[in-house]
Amino acid sequence: MTMDKTFNAAEAEERLYRAWEEAGAFEAGANARDGAESFSIMIPPPNVTGSLHMGHAFNNTLQDILVRWHRMRGHDTLWQPGQDHAGIATQMVVERQLAEKGKRRTDFSREEFLKKVWAWKTQSGGTIINQLKRLGASCDWSRNAFTMSGAPGAPAGEDGNFHDAVIKVFVEMYHKGQIYRGKRLVNWDPHFETAISDLEVENVEVPGHMWHFKYPLAGGETYTYVERDEDGAVVLEEERDYISIATTRPETMLGDGAVAVSHEDARYAPLVGKLCEIPVGPKAHRRLIPIITDDYPDPDFGSGAVKITGAHDFNDYEVAKRGNIPMYRLMDTRAQMRSDGAPYAEAAARAQEIAEGADFTIEEVDSLNLIPDHLRGLDRFAAREQVVAEITAEGLAMMTRPDDPRLGSAAQKSAAPEEGGEVIVEDLVPLIEAKPLMQPFGDRSKVVIEPMLTDQWFVDTSQIVQPALDAVRTGEVTILPEADRKVYFHWLENIEPWCISRQLWWGHQIPVWYDEDGTQYCATSEAEARALAGDKTLTRDPDVLDTWFSSGLWPIGTLGWPEDTEDLRRYFPTSVLITGFDIIFFWVARMMMMQYAIVGQKPFSHVYVHALVRDEKGKKMSKSLGNVLDPLDLIDEYGADAVRFTLTAMAAMGRDLKLSKDRIAGYRNFTTKLWNAARFAEMNEAVGSTRAIPTPDATVNKWIIGETAKTRVDVDAALENFRFNDAANTLYSFVWGTVCDWYVEFSKPLLMDGDDATKAETQATMAWVIDQCLILLHPIMPFVTEELWGTLADRQKMIVHADWPDYGTQMIDADADREMNWVIALIDQIRSARAQMHVPAGLHVPLLVTDLGPAGRTTFANNEAMIRRLARIEGLTQVDGFPKGCVTVTVEGGSFGLPLAGIIDVDEEKARLEKTLGKLEKELGGLRGRLNNPKFVESAPEDVVEDTRENLALREEEEKKLRAALQRLAELG
RNA sequence: GGGUGAUUAGCUCAGUGGUAGAGCGCUUCGUUCACAUCGAAGAUGUCGGAGGUUCAAAUCCUUCAUCACCCACCA
């Protein structure tokens, strides 16, 4: 049988993966030794809507390396796969499909809609599984989990415990007082009409505008406004009948409950406790609001006076809570100005009573619609234009931008300096936009988030955060790299209540029922709630839970909790979590809190946080930039092994990796190199399935066994410490640089011209070495190694279950090591000299030697065939002195000459030797300088001093020989 | 505003106290029977600047500069 010249990845990968699956190679516990320790990893569940992107490829390659490594080591290994139901993202996909048919979600009942989502999930949810398989991920697919398995309405085949686990956790935490419902200001997404958490919004700065408006004082009252500079000198003093308010959101003026100034702001001190008028709305019903003090206003910013709109701004919300200021909600769920409730006049009248001190409740205030009738139903941005235009027309706008198209001609007039337009400004105004949603519809919704006062469910994180902090502080859970510990601590130490309710349909519906009076009944089922409620009519809370609430239970939920399962005992707590830095808060921190809160144990022992995959220019890959590299395309082009190896080799801890196709091509070449080394072995019958470590006589064979042992030790140490790139680079240089460049070349004369015994032991050694390469590479490059493993010999087991070696550095033969290093140095020197002297490749010349001692002579003789072949020389000739026109090379213990008179240029040789000498002298200078420094000899460790001395002696010897060679050249010239 | 990281060969990056490295690219040579997705040889660095600690600094400390990211953001 003849092997092809290259590995056909496209053909082999699917076949090999199928073979693994058919053999049950990835099942939990496969290849485990009796009584073996367990090793378990939970996959970060990709969104069920997702398709494999570079981040997944990176993340799962690293997991697969660890999993395959542990499995080969005979550990009881589990890689738990699964998908996340991804509330918003999934609902969005299905809603878009409906939109194409001109339908909306609300055209269907909740049950009908959910049926469609499930149908979509059943049909398309497996996409990412197949893509992970293409990458070679060795998950136990028989256990594939889903964060909504077992939910009501789930079709056949979607059964499981996850829903029950989620509900049980909610109920338990509710009854412990760790979950509560309350009216709070939350980030509201007006497009999806749901609350989202702080983590799901992104602050972006866009050019905006800050308006300054006059709020007239009640009853036409006036005061003296005095502004001073830093030294207290008066810079402005004038009578005013208004207070100036700056805002970026004029439309929210309709909901102002007060104006706040700093306690220390002398300018406004006379006004505190008085009323001012909101300069918007029908003149007959303008509302008056109190001027109060609070710590929040900064006297140096804007006018120093802040309007307080508790229902639509996070800072105002805090002020309003402190000062018992009513919070008037202005918009509906789509962020359009409210059109519900009583007419404006009625609401405004009631608001006026409240402003003047009447008692009120949050609910009552929330029911008041303070939108003037002509603005009702307008989009918030249209309302803003309208409000600005109206105020401006009244002459109450102080500063504005004359060219602002939203303002119209009235604005331009009012901005004229003579009419009190003080300064023309354009500020950067922070807006809050929705974060990018998940794949495949990755573009952000672009909708501007509206802070909205709504009833939501919260986890009181302050009650459950402590164990999550302690675990990392004490080292019970380790986080790598170190820098990410700080990120983790910082967030948890400043944690806010976690809003877990979402106004969606797709998700775990909150297990709380209300009776007519609004009393809550939290229970695991409606029957249970009914039992609590007696004969009252119950309605269930329509909200669903934040996706991260359920994925926070991923470790225990996938292992069968709340049942006390065998799996939990075997695989929990899990060993390692491998994840991207972008979900430390979303997921890692929450899993920590939740697992401790529910089962009182850590979810995992180690967290390895990896960085982002960027494009070759260092840009984040994004659809809008068009710089996305699709891992599946790359796998098609270069093979999964090359893609995996590239990601592994670039996985330096804590640093983003810039991916380029050149790099992948380079590692594809590496698979070809490995393939051809194996092909060479096969052609020379250096193959076999023996597992015993060979015990050869030939030095070169002893040497390569020691090199292999070093490599195994280094690879294990690297993987033990999550230094994936070290593992990859160690293997790369061993396979290419040591095995292919040297050992295979050394073996050729032995295999072709050696005696039978030498040939046989070399075949055996090479077979073993190649097998070791395959085994050690298998976790990183599973496909090509499995293919070669099967091609080279009949095996008892596939390589996926091959025994990971445990031999160590005791296999290094120090004499063999020294000898081969000498041989390699000699060959290097001769090659280098030949190349620089332009000696034709075809010319083999004798190697002359004057001063090689008996030991060197033996070493040379032992390896003569190899040296002759690789350095292209004829035999060794003892001479009394080198003839004229001889190229000289020096190695430890001797100098050699290549008689090339008439072929080489004497001047070139002289230049070459002088260059070598120059480098040598620089080095000698350094060495001598150090040894002449008494402090160095005193302070440096003994072995360092000793090494330096030895090195100096060697270099001095070399220097002598080089000088002699130069001397001969001089005589010649 | 707070925090974290980065700055090393033309490019992308390893390298946490002891003689500056890899891959890619570049130059020269090579059709020897594993591999041209290859081989051999070669050039290229005041390790961001400035101080300091040390016998010894790319590495530790201070400071500055530039870049990146994260968090919180003044109405």
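First the proteins, then the strands, lettered A, B, ... as listed; each starts at 1.
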A.B. asks: Pick base, sugar-phosphate or nothing for A:A940, based on heavy-atom distances below 4.0 Å to the nucleic acid.
C.D. replies: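 Counting heavy atoms under 4.0 Å across all strands, the contact made by A:A940 includes a base.
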
A.B. asks: Please measure how far the C1' atom in B:G5 lies from the corresponding atom in B:A43, and state the result in whole Å.
C.D. replies: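 Comparing C1' positions in B:G5 and B:A43 gives a spacing of 33 Å.
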
A.B. asks: Could you please name the option among B:A75, B:C69, B:A14 that lies closest to any side-chain atom of A:D726?
C.D. replies: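 Output: B:A14.
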
A.B. asks: Distance criterion of 3.5 Å, no angle test: do you see the side chain of A:N676 paired donor-to-acceptor with the base of B:U37?
C.D. replies: no

A.B. asks: Quick one, give me the B/S/- string for nucleotides 38-46 of chain B, reading 5' to 3', where B means a protein heavy atom under 4.0 Å from the base and S means that only happens at the primed atoms, P, OP1 or OP2.
C.D. replies: SSSSSS---

A.B. asks: Atom CH2 of A:W491 to atom P of B:A72: distance rounded to whole Å?
C.D. replies: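 A:W491 atom CH2 is separated from B:A72 atom P by 10 Å.
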
A.B. asks: Who is the Watson-Crick or G-U wobble partner of B:A14, with both distances under 3.5 Å?
C.D. replies: none

A.B. asks: Pick the closest RNA chain B nucleotide for A:N951 and for A:A678 by heavy atoms, then say which residue is nearer the 5' end.
C.D. replies: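 Looking at the nearest nucleotide for each, A:N951 comes out on the 5' side.
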
A.B. asks: Tell me whether A:R928 is salt-bridged to A:E956, with the criterion being a basic N under 4.0 Å from an acidic carboxylate O.
C.D. replies: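 Salt bridge flag = yes for A:E956 with A:R928.
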
A.B. asks: How far does CG of A:L927 sit from CD of A:E921, to the nearest 0.5 angstrom?
C.D. replies: 12.5 Å

A.B. asks: Among B:C74, B:U19, B:G15, find the nucleotide with the atom closest to the side chain of A:N315.
C.D. replies: B:C74

A.B. asks: Which residue lies toward the 5' end of RNA chain B, A:R723 or A:A677, if each is placed at its nearest nucleotide?
C.D. replies: A:R723

A.B. asks: Hey, does A:P840 reach any base, or is it just sugar-phosphate, or nothing, if we go heavy atoms under 4.0 Å?
C.D. replies: nothing

A.B. asks: Who does B:G39 pair with, Watson-Crick or G-U, both distances under 3.5 Å?
C.D. replies: B:C29

A.B. asks: Between A:R249 and A:E450 (salt bridge meaning N to carboxylate O under 4.0 Å), is one present in this structure?
C.D. replies: yes

A.B. asks: In whole Å, measure the gap between the P atoms of B:U31 and B:G17 for me.
C.D. replies: 48 Å

A.B. asks: Is the distance between the ring centroids of A:H610 and A:F58 under 6.0 Å?
C.D. replies: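 Between A:H610 and A:F58, the centre distance is under 6.0 Å.
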
A.B. asks: Taking atom C1' of B:G5 as reference, at what distance in whole Å does atom CG of A:L480 sit?
C.D. replies: 16 Å

A.B. asks: Using atom P in both nucleotides, what's the gap between B:C47 and B:A57 to the nearest angstrom?
C.D. replies: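 These two P atoms come out 12 Å apart once rounded.
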
A.B. asks: In this structure, is the centre-to-centre distance between the rings of A:Y242 and A:Y215 below 6.0 Å?
C.D. replies: no

A.B. asks: With both distances under 3.5 Å as the test, what is the Watson-Crick or G-U wobble partner of B:C60?
C.D. replies: B:G52

A.B. asks: Output the rounded distance in Å from NZ (A:K748) to P (B:C35).
C.D. replies: 8 Å

A.B. asks: Does A:E938 pair with A:K935 as a salt bridge, N-O distance under 4.0 Å?
C.D. replies: no

A.B. asks: On a whole-Å scale, what distance lies between the C1' atoms belonging to B:C13 and B:C71?
C.D. replies: 28 Å

A.B. asks: Distance between the C1' atoms of B:U53 and B:C60, in whole angstroms?
C.D. replies: 8 Å

A.B. asks: Pairing check on B:G5: which nucleotide meets the Watson-Crick or G-U wobble criteria with it, both distances under 3.5 Å?
C.D. replies: B:C67

A.B. asks: Side chain of A:D298 only, heavy atoms from C-beta on: which candidate in B:U37, B:A14, B:A75 is closest?
C.D. replies: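 So the nucleotide nearest the side chain must be B:A75.
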
A.B. asks: For B:G49 versus B:G30, give the span between their P atoms, rounded off to a whole number of Å.
C.D. replies: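 It works out to 42 Å between them.
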
A.B. asks: What nucleotide among B:A75, B:C35, B:U4 has an atom nearest to a side-chain atom of A:A483?
C.D. replies: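 Looking only at heavy atoms from C-beta outward on A:A483, the closest nucleotide is B:U4.
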
A.B. asks: Of the options B:A36, B:A34, B:C55, whose atoms approach the side-chain atoms of A:S939 most closely?
C.D. replies: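 Shortest atom-to-atom distance from the side chain points to B:C55.
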
A.B. asks: Considering only the C1' atoms, how many Å lie between B:A9 and B:G48, rounded to the nearest integer?
C.D. replies: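 To the nearest whole Å, 15 Å.
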
A.B. asks: Write down the distance between CG (A:N721) and P (B:U16), rounded to a whole number of angstrom.
C.D. replies: 12 Å

A.B. asks: Using 30° and 60° as the class boundaries, would you call the ring planes of A:Y732 and A:F645 parallel, tilted or perpendicular?
C.D. replies: tilted

A.B. asks: NA contact type, A:P297, heavy-atom cut-off 4.0 Å: base, sugar-phosphate, or nothing?
C.D. replies: base

A.B. asks: On the 0 to 90° scale, with breaks at 30° and 60°, tag the A:W211-A:F213 ring pair as parallel, tilted or perpendicular.
C.D. replies: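 Rings of A:W211 and A:F213: parallel, as their planes differ by under 30°.
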
A.B. asks: Tell me the interatomic distance from A:D4, atom CG, to B:U37, atom C1', rounded to whole angstroms.
C.D. replies: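 For the pair A:D4 CG and B:U37 C1', the rounded distance is 14 Å.
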
A.B. asks: Could you tell me whether A:R679 contacts a base, only the sugar-phosphate backbone, or nothing, with contacts defined as non-hydrogen atoms closer than 4.0 Å?
C.D. replies: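 Sugar-phosphate only.
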
A.B. asks: Can you check the distance between B:G42 and B:U4, where both ends of the measurement are the P atom (answer in whole Å)?
C.D. replies: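 45 Å, rounded to whole Å.
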
A.B. asks: I need the CZ-P distance between A:R869 and B:A34, as an integer number of Å.
C.D. replies: 7 Å

A.B. asks: Please report the distance, rounded to the nearest Å, between CG in A:N494 and C1' in B:A72.
C.D. replies: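 Roughly 10 Å, once rounded to whole Å.
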
A.B. asks: Mind checking A:G304 for me? I need base, sugar-phosphate or nothing, with any heavy atom below 4.0 Å counting as a touch.
C.D. replies: base

A.B. asks: Can you tell me the base-pairing partner of B:C47? Count Watson-Crick or G-U wobble geometry only, both distances below 3.5 Å, and say none if there is no partner.
C.D. replies: none

A.B. asks: Identify which nucleotide among B:A75, B:G18, B:G5 has an atom closest to any side-chain atom of A:K486, counting heavy atoms from C-beta outward.
C.D. replies: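 Within the option list, the nearest is B:G5.
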
A.B. asks: Name the one of A:D256, A:D316, A:D313 that satisfies salt bridge (charged side-chain N to carboxylate O under 4.0 Å, His left out) with A:K307?
C.D. replies: A:D256

A.B. asks: Taking the ring centre of each residue, are A:F783 and A:F7 less than 6.0 Å apart?
C.D. replies: no

A.B. asks: Using whole Å, report how far CD of A:E938 lies from C1' of B:A56.
C.D. replies: 14 Å

A.B. asks: What about A:E745: does its side chain form a donor-acceptor pair under 3.5 Å with the base of B:A34?
C.D. replies: yes

A.B. asks: From B:A75, B:C35, B:G15, pick the nucleotide closest to the side chain of A:A246?
C.D. replies: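 Output: B:A75.
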
